[in-house]
Amino acid sequence: MINKIKNICCIGAGFVGGPTMSVIADKCPTINVNVVDINSERIELWNCDDLTKLPIYEPGLDEVIKRCRGKNLFFSTAIEENISSADMIFISVNTPTKKTGFGAGQASDLKWVEACARQVAKYAKGHSIVVEKSTLPVRTAEVIKNILEASKTNSEIEENHSTFDVLSNPEFLAEGSAVKDLEFPDRILIGGESIEAMNSLSEIYKNWIPESKILFTNIWSSELAKLTANAFLAQRISSINSIAALCEATGADVREVARAIGSDKRIGSRFLDSSPGFGGSCFKKDILNLVYLSKFFGLNEVANFWEGVVHLNKWHQHRISRIISKKLFGTLSGKRIAVLGFAFKANTNDTRESAAIQICNDLMDEGANLLIHDPKVNPKQIEIDLGKKPCHNLLKSQALSPLEIIGSWNFLNNYKDTFIGADAAVILTEWDVYSKIEWKNLSHKMRKPSWIFDTRSIINKQELIDAGLNLWKIGDGSSI
Ligand code: NAD
Ligand code: UGA
């Protein structure tokens, strides 16, 4: 028998909870979807009339929200009542790496997940299907089940006759293409023990996804598959970035190497773009989680293998900073550098683990003054990420001798202004607007000799040469 789901409650209105539930509401008009969060500021933004103020930027999300919000999609802080009325509860809260205690720096901090399980245990009524949407270490479902089971005997909760099924349903969306990924996913993974519960969840997805794309596995395979998918993807980026360094040393070109290997169907052409290193909230944390799990089970060689992917990524970011310094005569002190892009990839305002954070900090440590631009990132977020207040004097800069201010940054709304008096511009995010820059109109604003560092391969080399600028491009060994 399949229980038809009428009311969904999603705990966590973040980068995953917000878009995922919006698309479910859009595709399933008969289901009421309530997205709840403890962060009232975030909820206010999800409810904002001005759709340009949604708390996360995702192409197409505003249209989806416009269609459903207030009809069958609701954002609120009413956690208790929405858990009570739900027949399916998604847990979509943050699972960052632990900062202190056992496993610090590697294991996932499950305190938010545990808090959710306790809330569900306390407020759920009747039978509820609890779905892990957050990315979790293998066997977390067991923890959730234990908490839910224990609630039946918990003296705080009187007359609690509720029953639960726990499913794992990891999310594979990528930021910047979340709506498209949710509407046309490669697969939907559902791990569980109760085939009835798995079918109930599958029925929801079948409203817009072909059944052949819905995979059923046991719950542990589902949890591990999510970590493994991210580890494999991140590993490809470290692999190609390691080859980029070799290309620069040998005269090869990483784009040509990527094309050559990518035409082999066994390797495939996607996820082979050399870059300033992978960022985003998940790749590093999920690999470190895998490393922790491997060590926990005594599989040290497995742990070392995966840890190497994270080491290479970090090394690669420092490598880029060192190259910039070397090209600018080995000293950055007081020099102005335009930083184009701060988000960890294009089409998102997310900066978590962005390569820009490490590279900007490296450059400021060397004394550089950075003029940063990003089309979507809020300068307040940059201040948090860099741990340093902006230096507004940099705007009035031309009057100041360059050596008066060192190791500072400021944000500029117009990217064209970042070039004023700059010795170099570093492209860190592949925003479309940067690939359309008319270099000949900007080069005169820079101090000579001027360098452009293209870590995303979006610049036309000839246009830059014609504009009298020097180009360093990731993985391009042609100038050795
Ligand atoms: P996020 O930090 O953007 O959102 C999490 C939200 O949960 C926050 O708004 C927080 O206030 C809320 N929250 C925490 N505890 C709560 C509680 N007890 N009650 C109510 N609300 C609570 O995180 P995210 O990026 O959406 O990621 C969520 C999970 O999804 C993580 O496990 C992540 O690994 C996974 N994931 C993320 C992505 C991505 O692209 N960001 C993709 C796939 C999977
Ligand atoms: C990634 C995965 O792609 C999603 O499947 C997964 O659901 C998600 O993590 C998650 O679990 O959070 P996301 O981090 O949003 O998605 O973005 P990606 O497109 O994977 O990019 C991650 C990083 O790798 C970015 O910094 C990007 O610039 C970089 N990247 C990507 C490269 O350097 N080269 C590439 O060829 C592709």
Side-chain angles (χ1 to χ4, degrees), residues 9-21 35-43 45-46 55-56 58 75-80 82-83 90-97 108-120 132-137 140 169-178 181-182 185-187 226-227 229-234 236-241 244 254 258 262 269-287 289 313 316-317 341 343-348 350-356 428-430 455-457 474:
C9 171
C10 173
I11 311 178
F15 283 85
V16 168
T20 310
M21 292 302 128
V35 191
V36 296
D37 204 293
I38 38 176
N39 182 338
S40 55
E41 242 173 75
R42 210 167 205 185
I43 291 296
L45 291 171
W46 280 115
I56 64 168
E58 276 298 337
F75 295 92
S76 80
T77 51
I79 298 176
E80 182 179 329
N82 282 306
I83 290 178
F90 286 81
I91 297 182
S92 188
V93 298
N94 33 322
T95 51
T97 305
S108 284
D109 192 339
L110 295 180
K111 73 175 172 217
W112 291 275
V113 172
E114 183 176 334
C116 282
R118 289 186 188 280
Q119 282 166 312
V120 173
E132 298 175 346
K133 195 43 122 177
S134 296
T135 303
L136 296 166
T140 306
N169 172 222
E171 185 47 61
F172 296 99
L173 68 80
E175 289 178 31
S177 55
D181 295 341
L182 288 162
D186 286 348
R187 78 314 211 174
K226 172 62 196 177
L227 295 181
N230 274 358
F232 268 57
L233 290 169
R236 271 174 86 89
I237 302 167
S238 279
S239 297
I240 200 70
N241 281 337
V254 74
S269 60
R270 296 179 65 188
F271 252 73
L272 285 179
D273 293 330
S274 187
S275 68
F278 59 77
S281 62
C282 295
F283 277 178
K284 184 172 147 196
K285 109 173 145 57
D286 291 349
I287 295 183
N289 199 333
N313 196 50
H316 181 70
Q317 291 169 0
F344 79 97
K345 61 188 272 194
N347 295 320
T348 176
D350 195 351
T351 63
R352 290 178 289 180
E353 297 293 337
S354 176
L428 292 180
T429 313
E430 70 282 23
T455 69
R456 294 284 187 173
S457 306
I474 189 104

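Atoms within a ligand are numbered from 1 in the order they appear, just like the ligands themselves. Owing to the predicted nature of the structure, the values given are computational and were not obtained by experimental measurement.
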field: Those atoms of ligand 1 less than 4.0 Å from some heavy atom in Glu175
entry: 39 (C), 40 (O), 41 (N)

Protein contact to atom 43 (C) of ligand 1 [nearest heavy atom, distance to 0.1 Å]: Glu171 O, 3.2 Å

- prompt: Going by the order shown, which atoms of ligand 1 are within less than 4.0 Å of some heavy atom of Ser281?
  reply: 41 (N)

- prompt: Between the candidates Gln119, Arg42, Arg352, Glu41, which shows the shortest non-hydrogen contact distance to atom 18 (N) of ligand 1?
  reply: Gln119

message: Assess whether a salt bridge exists between Glu132 and Lys226, defined as any Lys/Arg side-chain N lying under 4.0 Å from an Asp/Glu carboxylate O.
response: no

task: Please determine if Val16 has a nitrogen or oxygen closer than 3.5 Å to a nitrogen or oxygen of ligand 1.
output: yes

query: In terms of the angle between their ring planes, are Phe278 and Phe283 parallel, tilted or perpendicular, with boundaries placed at 30° and 60°?
result: perpendicular

query: How far is atom 6 (C) of ligand 1 from its nearest protein heavy atom, and which residue and atom is that?
result: Asp37 OD2, 3.5 Å

query: Going by heavy atoms in the side chains, are Arg456 and Pro276 under 4.5 Å from each other?
result: yes

task: For Ile79, take its heavy atoms, then give the atoms of ligand 1 lying under 4.0 Å from any of them.
output: 19 (N), 20 (C)

- prompt: Any N or O on Lys226 sitting closer than 3.5 Å to an N or O of ligand 1?
  reply: no

message: So, taking the atom named OG in Ser108 and the one named CG in Leu227, what distance separates them when rounded to the nearest 0.5 Å?
response: 7.5 Å

message: Once rounded to the nearest 0.5 Å, what's the spacing between atom CZ of Phe344 and atom SG of Cys282?
response: 8.0 Å

task: Would you indicate whether the side-chain heavy atoms of Val113 and Cys116 approach each other to under 4.5 Å?
output: no

- request: For Asn39, counting its heavy atoms only, list the atoms of ligand 1 lying under 4.0 Å from any of them.
  value: 11 (O)

field: Residues in contact with ligand 2, criterion: heavy atom under 4.0 Å
entry: Glu171, Phe172, Leu173, Ala174, Glu175, Lys226, Asn230, Leu233, Ile237, Phe271, Leu272, Asp273, Ser275, Phe278, Gly279, Cys282, Phe283, Phe344, Lys345, Arg456

statement: The reported gap from NZ in Lys284 to CG in Asn289 (rounded to nearest 0.5 angstrom) is 13.5 Å

message: Among Val93, Ile91, Asn169, which residue satisfies the side chain to side chain contact (heavy atoms under 4.5 Å, CB included) criterion with Lys133?
response: Asn169

query: Would you say Thr135 has any N or O atom under 3.5 Å from an N or O of ligand 1, going by distance alone?
result: yes

- line: Within the 4.0 Å heavy-atom cut-off, what Ala178 brings close to ligand 1 is neither

field: From CZ (Arg236) to CG (Asn241), nearest 0.5 Å
entry: 12.5 Å

message: One residue to check: Ile11. Relative to ligand 1, which of side chain, backbone, both or neither has a non-hydrogen atom less than 4.0 Å away?
response: side chain

- prompt: What part of Ser134, side chain from CB on, backbone N/CA/C/O, both or neither, has a heavy atom under 4.0 Å from ligand 1?
  reply: both

task: Answer yes or no: is there a side-chain heavy-atom contact under 4.5 Å between Cys9 and Phe90?
output: no

message: Out of the candidates Asn230, Thr97, Thr95, Asn94, only one should pair with Lys285 under the side chain to side chain donor-acceptor pair (under 3.5 Å) rule; please name it.
response: Thr95

Derivation and outcome, side chain to side chain donor-acceptor pair (under 3.5 Å), residues Ser238 and Asn313: CA-CA 6 Å; Ser238 279; Asn313 196 50; 4.7 Å; no

message: Out of Asn94, Val93, Leu136, who is nearest to atom 29 (C) of ligand 1 when you count heavy atoms only?
response: Val93

field: Spacing of OG1 belonging to Thr77 relative to CD1 belonging to Ile43, to within rounding of 0.5 Å
entry: 7.0 Å

query: Out of Thr77, Ile38, Val36, whose heavy atom is nearest to atom 22 (C) of ligand 1?
result: Ile38

statement: A student checking ligand 1 against Ser92 at a 4.0 Å heavy-atom cut-off should list atoms 5 (C), 28 (C)

- prompt: How long is the span from the CG atom in Asp37 to the CD atom in Glu41, to the nearest 0.5 Å?
  reply: 11.0 Å

- prompt: Is there at least one pair of N or O atoms, one from Cys116 and one from ligand 1, spaced under 3.5 Å apart?
  reply: no

- request: Report yes if the side chains of Pro96 and Trp112 come closer than 4.5 Å at any heavy-atom pair, otherwise no.
  value: yes

- prompt: Any N or O on Lys285 sitting closer than 3.5 Å to an N or O of ligand 1?
  reply: yes

task: Tell me, with the steps shown, if Ser275 and Lys345 meet side chain to side chain donor-acceptor pair (under 3.5 Å).
output: CA-CA 10 Å; Ser275 68; Lys345 61 188 272 194; over 6 Å; no

query: Which residue supplies the protein heavy atom nearest to atom 24 (P) of ligand 1, what is that atom called, and how far is it?
result: Phe15 N, 3.9 Å

field: Thr95 N/O to ligand 1 N/O under 3.5 Å
entry: yes

query: Which ligand 1 atoms are under 4.0 Å away from a heavy-atom of Trp112?
result: 14 (C), 15 (N)

